[in-house]
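Below is one structure, written out as structure tokens; comments come after it.
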Amino acid sequence: MAQRKGHPRGKKVLDLDTYCSLSHVVVSNSGSGSFRGDIDEQLEKIGRRRHVALSVHQFVVVPMFLLITDYVAVLPSRLLDRFTDQLDAFELPFEARGYNISAAWHPRNHADPGHIWLREQFSAIAASRAARAGEPPLP
């Protein structure tokens with residue numbers, strides 16, 4: 001979980017009650033600005049809910065909101081690593097699983113050589129990371 005430096009919560013270890021009570025930013029790729037995400041489904045399985053105050057469509061905009069509010073968010077570590085001078089990071093107070101990333105494109109781009117090359121690059125990166133993590137290969 002990420003929060004801005006100087007957040008009123010301070011730097012205390014995060015417990016589940018506190019986590020759920022904070023105002024969260026969720027990244028929704030549903031296209032409808034949903035206020036539910038993968039973390040909400042995981043919390044639901046352990047009988048908990050969090051307060052989602054803002055829904056955005058891309059992870060890259062989340063740090064901007066965190067810097068000017070008292071909101072918090074779960075961010076990919078690689079993105080969070082870019083903001084260590086402005087954001088504090090905390091371990092989640094529950095066991096969270098990773099998330100899936102999907103790619104979609106218009107059918108007119110399916111046979112485009114440049115687009116094929118880009119999809120192959122994404123696929124190779126995903127396969128390499130899965131192999132390093134000991135996960136089965138993607139279908």
Side-chain angles (χ1 to χ4, degrees):
M1 184 197 85
Q3 67 183 34
R4 69 176 172 83
K5 291 196 180 288
H7 191 284
R9 192 188 79 74
K11 293 185 176 185
K12 298 176 289 232
V13 173
L14 194 57
D15 63 64
L16 191 54
D17 288 334
T18 301
Y19 175 81
C20 290
S21 71
L22 294 167
S23 294
H24 294 259
V25 178
V26 66
V27 177
S28 169
N29 58 8
S30 70
S32 62
S34 173
F35 278 68
R36 276 183 56 79
D38 190 53
I39 292 291
D40 299 289
E41 292 173 13
Q42 294 179 55
L43 286 170
E44 215 168 68
K45 289 180 180 176
I46 59 172
R48 302 302 298 260
R49 293 184 70 159
R50 65 179 176 167
H51 170 67
V52 177
L54 178 66
S55 175
V56 298
H57 292 285
Q58 297 177 350
F59 279 107
V60 295
V61 300
V62 174
M64 293 184 294
F65 288 104
L66 298 185
L67 293 173
I68 61 170
T69 68
D70 290 336
Y71 295 165
V72 299
V74 175
L75 295 174
S77 59
R78 288 183 168 249
L79 176 61
L80 188 52
D81 288 346
R82 295 180 180 181
F83 293 91
T84 55
D85 59 329
Q86 299 169 300
L87 298 174
D88 290 323
F90 300 88
E91 291 293 324
L92 292 174
F94 59 95
E95 187 66 34
R97 68 175 193 272
Y99 55 91
N100 294 323
I101 297 176
S102 302
W105 54 91
H106 194 279
R108 73 174 168 253
N109 295 325
H110 192 70
D112 178 87
H115 207 274
I116 292 169
W117 176 87
L118 183 61
R119 294 192 312 263
E120 289 171 350
Q121 301 307 304
F122 287 147
S123 181
I125 291 168
S128 171
R129 296 216 175 157
R132 282 192 305 236
E135 298 170 358
L138 299 172

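Follow the hydrophobic side-chain contacts under 4.5 Å out from Tyr71 and you never reach Leu92; the two are in separate clusters. In the hydrophobic cluster analysis, where Ile, Leu, Val, Met, Phe, Trp and Tyr join through side-chain heavy atoms closer than 4.5 angstrom, Met64 is grouped together with Leu54. Each of Phe122 and Trp105 belongs to its own hydrophobic cluster when Ile, Leu, Val, Met, Phe, Trp and Tyr are linked at side-chain heavy-atom distances under 4.5 angstrom.
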Side chain to side chain contact (heavy atoms under 4.5 Å, CB included) between Asp17 and Arg48, worked out:
CA-CA 9 Å; Asp17 288 334; Arg48 302 302 298 260; 2.6 Å; yes
* Val61/Phe65 under side chain to side chain contact (heavy atoms under 4.5 Å, CB included): CA gap, chis, key distance, verdict -> CA-CA 7 Å; Val61 300; Phe65 288 104; 4.3 Å; yes
- Message: Does Leu66 form a side chain to side chain contact (heavy atoms under 4.5 Å, CB included) with Gln3? I'd like the steps, not just the answer.
- Response: CA-CA 6 Å; Leu66 298 185; Gln3 67 183 34; over 6 Å; no
For Asp38 and Val74, what are the C-alpha separation, side-chain angles and deciding distance, and is it a side chain to side chain contact (heavy atoms under 4.5 Å, CB included)? CA-CA 10 Å; Asp38 190 53; Val74 175; over 6 Å; no
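Heavy-atom neighbours of Glu41 CD from other residues, nucleotides or ligands within 6.0 Å: above the threshold of 12. Within 6.0 Å of CD in Gln121 there are more than 12 heavy atoms belonging to other residues, nucleotides or ligands.
Contact record, Leu80 with Ala89: CD2-CB, 3.3 Å, taken as the closest heavy-atom pair. Closest non-hydrogen pair, Arg4 versus Pro8, comes out as NH2-CD, 3.6 Å. When every heavy atom of Leu79 is checked against every heavy atom of Phe59, the shortest pair comes out as CD2-O, 3.4 Å.
Among the candidates Ser23, Cys20, Ser21, the single residue satisfying the side-chain contact (heavy atoms from CB on, under 4.5 Å) test with His51 is Ser23.
Put simply, the side chain of Phe83 does not reach to within 4.5 Å of the side chain of Val62, judged on heavy atoms. Between Leu14 and Leu22 the shortest side-chain heavy-atom distance falls below 4.5 Å. Residues Leu75 and Val27 form no side-chain contact, since every pair of their non-hydrogen atoms from C-beta on lies 4.5 Å or further apart. Between Gln42 and Ile46 the shortest side-chain heavy-atom distance does not fall below 4.5 Å. You'll find the side chain of Arg49 stays beyond 4.5 Å of the side chain of Arg36, heavy atoms only. Annotation: side chain of Val52 is in contact with side chain of Asp40 (closest heavy-atom distance under 4.5 Å).
In this view, Phe90 satisfies the ring pair (Phe, Tyr, Trp, His ring centres under 6.0 Å) rule with no residue, not counting sequence neighbours.
Distance check, rounded to the nearest 0.5 Å: CG of Asp112 to CG of Asn109 gives 6.0 Å. The CE atom of Met1 lies 11.5 Å from the CD1 atom of Ile39; values are rounded to the nearest 0.5 Å.
Between the His7 side chain and the Ala2 main chain, no donor and acceptor come within less than 3.5 Å of each other.
The residues Arg9 and Asp70 are annotated as not salt-bridged, no charged nitrogen and carboxylate oxygen being separated by less than 4.0 angstrom. Using a cut-off of 4.0 Å between Lys/Arg side-chain N and Asp/Glu carboxylate O, Arg50 and Glu44 are scored as not salt-bridged. Here Asp85 does not pair with Lys5 in a salt bridge; the nearest charged N to carboxylate O distance is not below 4.0 Å.
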